[in-house]
There are 2 protein chains.
Amino acid sequence: MLKYQHIADALEKYIEEHELQQGDKLPVLQDLMNQFGVSKSTVTKALELLETKGVIFQVRGSGIFVRRHKRKGYISLLSTKGFKKILEDFQITSKVIELDIRKPTTEAALNLNVGLDEDVYYVKRIRYIHGQSLCLEESYFNKSVITYLNNEIINESIFHYITEGLGLNVGFTDMFLHVDKLTEEEADYLGLEKGDPKLYVESIFHLTNGQPFDFSKVTYNYVQSQFFVQAVL
Amino acid sequence: MLKYQHIADALEKYIEEHELQQGDKLPVLQDLMNQFGVSKSTVTKALELLETKGVIFQVRGSGIFVRRHKRKGYISLLSTKGFKKILEDFQITSKVIELDIRKPTTEAALNLNVGLDEDVYYVKRIRYIHGQSLCLEESYFNKSVITYLNNEIINESIFHYITEGLGLNVGFTDMFLHVDKLTEEEADYLGLEKGDPKLYVESIFHLTNGQPFDFSKVTYNYVQSQFFVQAVL
DNA sequence: CAGTGGTCTAGACCACCAA
DNA sequence: TGGTGGTCTAGACCACTGT
């Protein structure tokens, strides 16, 4: 375990367990250096991590403070975990509609950076949160990277399988969002009315080496779609 | 100018001007150290900044590569500039509907962390992009921080005034998003139909010292609402 | 002015990738 | 195996905050 990662985890856990609130002061740099027995740079790196993540903010000449918003039930769009939190912290179930190997659409081929004649896994499923429809998801997986998939894997967490089962390292994601009206087909799947609002998200997931492996098109039930983003300017 | 900031700017500019594409390789660390005459840590810090911002990705043992998505017309939800880009890169105009000093709603008081009897500036305006309605915006400004506002300021960039005119430093933002249906009033303002989709965003802006100064509720025209987010996992 | 965080250095050592 | 990025250190010096 990296030292700065350990320190960041420890601090975050401390904040959580002691239920510290927005503006509460954390120990000064020197104390953290002593407490963890590391250099200033290492503590600083841990704090930068937490700052980017939206857990703390630092004020020069003053101190290190807790940053915590008050709202419950919102899903973070980013912050290391990102959508993984949906999988873990909430009760999510899935219903697989389709799973097969096929040739990609031109759109999928473009986004996955593969040829039109190369094989991809195609997955279509509905996901439920607390028994309510959360989203309709269509995913294309680059078969030269994700070499095998089956129904059992898809019903669990695909990303857990990718990292643990296949030993791949997920690096970064590009997400494109817009708001639109549900088509009749989408409305049927989600149990809503045609013309109701939807949040539509296209995501391209890349390995740490930059290779795209997952192109997903997700239509969210607007009733369940509450997100938050914490930005540092 | 900070060295690492200068290096980051220079690299980003280089990528832009030479129209480098996703996956293109940048000079190795050692070369950047020599080229800018700085230590390894400083280059690393610049690169971390660009990585977080979604401009590059680094692969250990391999090199530094350009990260660039292909889609135009999407507005970044984050990345230093965030919504500022809307103000600068696109042609935005505003129509002010209301501007006055009043007592905050309980909701605004809570989010701005002020008492119910303290004054706030209230601003309601419609914003247009290329002549099309972009959003309906209601903002509450903590008057003890934003001591003065007038119509002229509001018609230009409020944030430019806050940073340049008042000399304040904007630190971070919490944003809460969800999708819903337009009310009749909102639809009128945006030139849409009641029941049409909307993207609704509540934002709380804080100074670098953690003090909240702006609570805004923004209803976006769904036709204009195309956003992207770049996450590093 | 004392205390606190921010920047930067020079260098050691480690982990990973590609040839 | 050589090259590349990642972690960590000890310490100098700077910039900001609050008293």
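Predicted model, so just to flag it, every value in this text is computed and none were measured. Sequence lines set the chain letters: A, B, ... in the order given, protein chains first and strands last, and positions in each chain run from 1.
- Boundaries of the chain A contact region on DNA chain D are dT7(D) to dT17(D), first to last in 5' to 3' order (nucleotide atom under 4.0 Å from a heavy atom).
- Between Leu29(B) and Lys40(B), the closest heavy-atom pair is CD1-CE, 4.1 Å.
- Between Phe228(A) and Phe176(B), the angle of the ring planes lies from 30° to 60°, which puts this pair in the tilted group.
- Between the side chains of Asn111(A) and Glu107(A), no donor-acceptor pair of N or O atoms lies under 3.5 Å.
- By the 30° and 60° cut-offs, the orientation of the rings of His206(B) relative to Phe172(B) is parallel.
- Across the protein-nucleic acid pair, Leu207(A) atom CG and dC17(C) atom P stand 11 Å apart, rounded to whole Å.
- The separation between Gln58(B) atom CD and dA15(C) atom P is 18 Å, rounded to whole Å.
- Under the 30°/60° scheme for interplanar angles, the aromatic rings of Phe213(A) and Phe205(A) are found to be tilted.
- When the nearest nucleotides of DNA chain C are assigned to Leu47(A) and Val38(B) by heavy-atom distance, the more 5′-ward of the two goes with Leu47(A).
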Q: Show the numbers, then the answer: is there a salt bridge (charged side-chain N to carboxylate O under 4.0 Å, His left out) between Asp174(B) and Arg67(A)?
A: CA-CA 10 Å; Asp174(B) 293 339; Arg67(A) 178 173 171 199; 2.9 Å; yes

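- The distance between atom CD of Gln211(A) and atom P of dC17(C), rounded to the nearest whole Å, is 13 Å.
- Rounded to whole Å, atom P of dA18(C) lies 11 Å from atom NZ of Lys25(B).
- Atom-to-atom, CG of Asn34(A) to P of dT4(C) comes out at 12 Å; the value is rounded to the nearest Å.
- Atom NZ of Lys40(B) is separated from atom C1' of dC14(C) by 10 Å (rounded to the nearest Å).
- Atoms CE (Met33(A)) and P (dG5(C)) sit 11 Å apart, rounded to a whole Å.
- The residue among Gly63(A) and Gly37(B) whose nearest nucleotide of DNA chain C lies closer to the 5′ end is Gly63(A).
- Along DNA chain D, the nucleotide closest to Thr208(B) and the one closest to Thr42(A) are compared, and the more 5′ of them pairs with Thr42(A).
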